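Sending over a structure as structure tokens; questions will come in a sec.
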Amino acid sequence: MTDDKALTRRSEDFSAWYNEVVLRAELADHSPVRGSMVIRPWGYGIWENMQRALDDMFKETGHENAYFPLLIPMSFIEREKEHVAGFKPELAVVTHAGGKELEEPLVVRPTSETVIYAMYAKWVQSYRDLPILLNQWANVMRWELRTRLFLRTSEFLWQEGHTAHATDEEAQEETLRMLGVYRKFMEDWIAMPVVTGLKSDSEKFAGAVRTYTCEAMMQDRRALQAGTSHHLGQNFSKQFDLTFQTEKGEEEYAWNTSWGVSTRLVGGMVMTHGDDAGIVVPPRLAPAQVVVVPIYRKDDQRAAVVGKAQEIKERLAERGVRTRVDDRDHLNPGAKFYEWERKGVPFRLEIGPRDLEKQQVVLVKRVTAPGEDRKHFLPESQAVEELPSRLQAFQEELLERARAEREAHSHRGVKSIGELNEILESEGGFVYTGWSGDPEVEERVKEETKATLRCIPDADFRSESPPDTCVGGGKARWEVLWARAY
RNA sequence: CGGGGCGUGGCUCAGUCCGGUAGAGCGCUGCGUUCGGGUCGCAGAGGUCCCCGGUUCGAAUCCGGGCGCCCCGACCA
């Protein structure tokens, strides 16, 4: 930190900026246990808004919530071969309880596929019992070696959807449907554009047949995997005997999907929109969308101005705008301005004695475009009337700005690993190349450039003229996206 | 688990080389003042100097051992 007040600038040290801003925006704090975090009210409020929006979308697509237990028998995790290989190193295991060593160790869930499909096996007999479309909001634990607030902590909050279907096609449809839900949520709510696509085999979920992903570009031009949706095929149903009788009376294994997003999204929001003054919370996610800062000298002024602030808050509430009045008396207005900017509140409304006389307010948007006026002096009623649409417009501006930023740092038509590396070493960003599908090429790129294959992008993101040569030489089978990633 | 750094009021740190009564800024409390971008003044509270052992008349400082944290690499939503 340069001093006690200003944040490290992003251009100076993005990583330090992130760490500071998360703490100083009071999103989260380090817990006494290494690698786990406390989510503070401001951060949790953002997460709650994310949860609400996602939950509505899940319900709209026919899902219900349920809850499965935290502890999973070790033998369950070990049942699916790839699954256990993927998760074993990061399991936290309960070996003792009730003062005795347990006969079978219990793992603290790193994800719930095993226990959920074991239960589905009990519940499903016939094709009439399918599909099962459940979601759960839960905490999970993965013992990570290097942790960062929100981006990677040992324990994190997430949702995991788990479905079972009668056919491969139906499961595939579901997998893509939920990927689409994620994309829509990330764009419309977090204002964070993503590239969706298919993961390569080396990057897919341990136990999945196919993994689809949402990849977002952070301001340091690294990729953040923001959400994944897996087609699990019959891998788990076979291990947990999740079978059903078809219409024809034959016994078949069900087809599963799972999909999840986590509190990592809060980190994504921070790194997508934040600036040197603090975080920027998109209006739809902001626990407070407007903060009213009263300005006064004397006690009678204070009474009048705070009274007006309260009144405005109520009028905004009638229009669905979440408003907070900062009437703390021991801070002067400047201190409050800095604090709320750091916390990313979309709009600040200043009301002072001069405004009271003129029946006006001063409205300041958290982010102003170059050339745009920062302070708007508006008649009070106009400000109240217009805030809903101004919030909406700000939400859209944030998405557009982030999209423009991503496009400005996306490189297409790159032909060689050398060229790829040069881009990553200088400017960074998303790099599109051809790929033969050969895992050795993938491995070589990883070693030589530290970039990973983020995905084989969906149609919406492919180049107009797809590359015909593989970045490692030879013929390209797919166009793929590379980036250094979180 | 390898490489580097650090443990001193709530926070950020100085003091450690060269042993001699524990400091600063910010924050906090009270009073006053100020309030349209981090007001200012006065008064105050607050520390087993990470832990254990050793050396010494005397250890935050020197020596030995331990613990913890942060950063950089190998695994990962």
Side-chain angles (χ1 to χ4, degrees), chain A residues 1-8 13 15-16 19-20 23-24 29-35 85-91 109-111 138-160 182 199 202-206 211 213-216 223-230 258-268 277-278 293-299 301-302 305-306 326-342 348-356 358 360-364 374-375 377 446-447 450 452 485-486:
Chain A
M1 244 178 273
T2 46
D3 62 58
D4 288 334
K5 286 175 177 168
L7 294 161
T8 297
D13 185 343
S15 178
N19 293 337
E20 284 172 25
L23 294 172
R24 296 198 47 213
D29 204 348
H30 296 279
S31 87
V33 175
R34 179 193 148 73
F87 282 106
K88 199 76 188 251
E90 48 192 51
L91 292 180
R109 65 178 161 224
T111 178
N139 55 339
V140 287
M141 178 160 282
R142 301 179 186 177
W143 210 257
E144 301 290 350
L145 300 174
R146 270 191 74 187
T147 58
R148 298 191 67 192
L149 294 175
F150 289 111
L151 300 175
R152 178 166 299 109
T153 46
S154 300
E155 180 187 358
F156 57 94
L157 304 184
W158 77 343
Q159 60 66 218
E160 47 181 328
Y182 286 159
K199 283 289 188 189
S202 73
E203 297 280 334
K204 76 177 168 60
F205 175 73
T211 290
T213 180
C214 298
E215 299 287 325
L224 182 77
Q225 181 174 306
T228 48
S229 183
H230 316 291
S258 70
W259 26 275
V261 297
S262 71
T263 38
R264 173 181 258 199
L265 290 173
V266 177
V293 178
I295 289 146
Y296 49 82
R297 275 170 214 272
K298 306 180 188 86
D299 281 350
Q301 284 178 336
R302 175 178 153 81
V305 164
V306 171
D326 189 348
D327 59 357
R328 289 176 294 177
D329 200 26
H330 64 286
L331 295 177
N332 70 12
K336 295 176 184 178
F337 297 168
Y338 280 104
E339 179 175 332
W340 292 112
E341 276 167 16
R342 202 159 50 234
R348 174 176 82 237
L349 215 154
E350 302 170 21
I351 308 177
R354 296 208 293 272
D355 303 312
L356 229 47
K358 297 185 219 164
Q360 68 165 28
V361 296
V362 179
L363 188 64
V364 182
R374 188 164 150 74
K375 292 201 172 192
F377 298 82
K446 205 169 159 178
E447 268 170 33
K450 290 183 200 141
T452 47
Y486 275 93

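So that the names make sense, note that chain A is the first sequence line, chain B the second, and so on, each numbered from 1. Keep in mind it's a predicted model, so treat the numbers as computed, not measured.
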> Considering only the P atoms, how many Å lie between B/C49 and B/C11, rounded to the nearest integer?
Replying inline: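 Per the computed distance, 16 Å lies between those P atoms.
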
>> Distance check, P atoms only: B/A24 and B/G9, in whole angstrom units.
In response: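 Roughly 14 Å separates the two P atoms.
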
>> Once side chain to side chain contact (heavy atoms under 4.5 Å, CB included) is applied, do any residues pair with A/Leu331, and if so which ones, sequence neighbours excluded?
In response: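 Partners of A/Leu331 by the side chain to side chain contact (heavy atoms under 4.5 Å, CB included) criterion, ordered by chain and then number, come out as A/Arg328, A/Ala335, A/Lys336, A/Glu339.
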
>> Tell me which nucleotide, if any, is Watson-Crick or G-U wobble paired with B/A43 when both distances must be under 3.5 Å.
In response: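 B/A43 is paired, partner B/U29.
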
Scan nucleotides 68-70 of chain B against the protein and return all N/O pairs shorter than 3.5 Å with their distances rounded to 0.1 Å.
unit_1, atom_1, unit_2, atom_2, d
B/C70, OP2, A/Arg34, NH1, 2.8

> When you match A/Val361 and A/Tyr486 each to their closest nucleotide on RNA chain B, which lands nearer the 5' end?
Replying inline: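 Its nearest nucleotide being more 5', the pick is A/Val361.
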
> Of A/Leu145 and A/Arg264, whose closest RNA chain B nucleotide lies nearer the 5' terminus?
Replying inline: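 Looking at the nearest nucleotide for each, A/Leu145 comes out on the 5' side.
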
>> Can you check the distance between B/U21 and B/C40, where both ends of the measurement are the C1' atom (answer in whole Å)?
In response: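 Comparing C1' positions in B/U21 and B/C40 gives a spacing of 33 Å.
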
> Across all strands shown, which nucleotide pairs with B/G64 by Watson-Crick or G-U wobble geometry, both distances under 3.5 Å?
Replying inline: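 Here B/G64 is engaged in a pair, and the nucleotide opposite it is B/C52.
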
>> Can you list everything that forms a side chain to side chain contact (heavy atoms under 4.5 Å, CB included) with A/Asp329? Sequence neighbours excluded, please.
In response: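 A/Asp329 satisfies side chain to side chain contact (heavy atoms under 4.5 Å, CB included) with A/Tyr296, A/Arg302 once adjacent residues are dropped.
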
> Does A/Ser15 have any side-chain hydrogen bond (donor to acceptor under 3.5 Å, both in side chains) partners at least two apart in sequence or in another chain, and if so, which?
Replying inline: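 side-chain hydrogen bond (donor to acceptor under 3.5 Å, both in side chains) check on A/Ser15 returns A/Arg148.
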
> When we call it a touch if two heavy atoms are under 4.0 Å apart, what does A/Gly260 touch: a base, just sugar-phosphate, or nothing?
Replying inline: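 A/Gly260: no heavy atom of the nucleic acid under 4.0 Å.
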
> Is A/Phe156 stacked on the base of B/A77, meaning ring centres closer than 5.5 Å and planes within 30 degrees of each other?
Replying inline: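 Check passed, A/Phe156 stacks on base of B/A77.
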
> Hey, does A/Thr153 reach any base, or is it just sugar-phosphate, or nothing, if we go heavy atoms under 4.0 Å?
Replying inline: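 The residue A/Thr153 makes base contact.
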
>> Test of understanding: with side chain to side chain contact (heavy atoms under 4.5 Å, CB included), list the residues that count as partners of A/Thr452, not counting sequence neighbours.
In response: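 For A/Thr452, the residues satisfying side chain to side chain contact (heavy atoms under 4.5 Å, CB included) (neighbours in sequence not counted) are A/Glu203, A/Lys446, A/Arg454, A/Ala485.
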
> With A/Ile295, which residues qualify under side chain to side chain contact (heavy atoms under 4.5 Å, CB included), at least two apart?
Replying inline: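 Here the qualifying residues are A/Pro333, A/Phe337, A/Glu350.
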
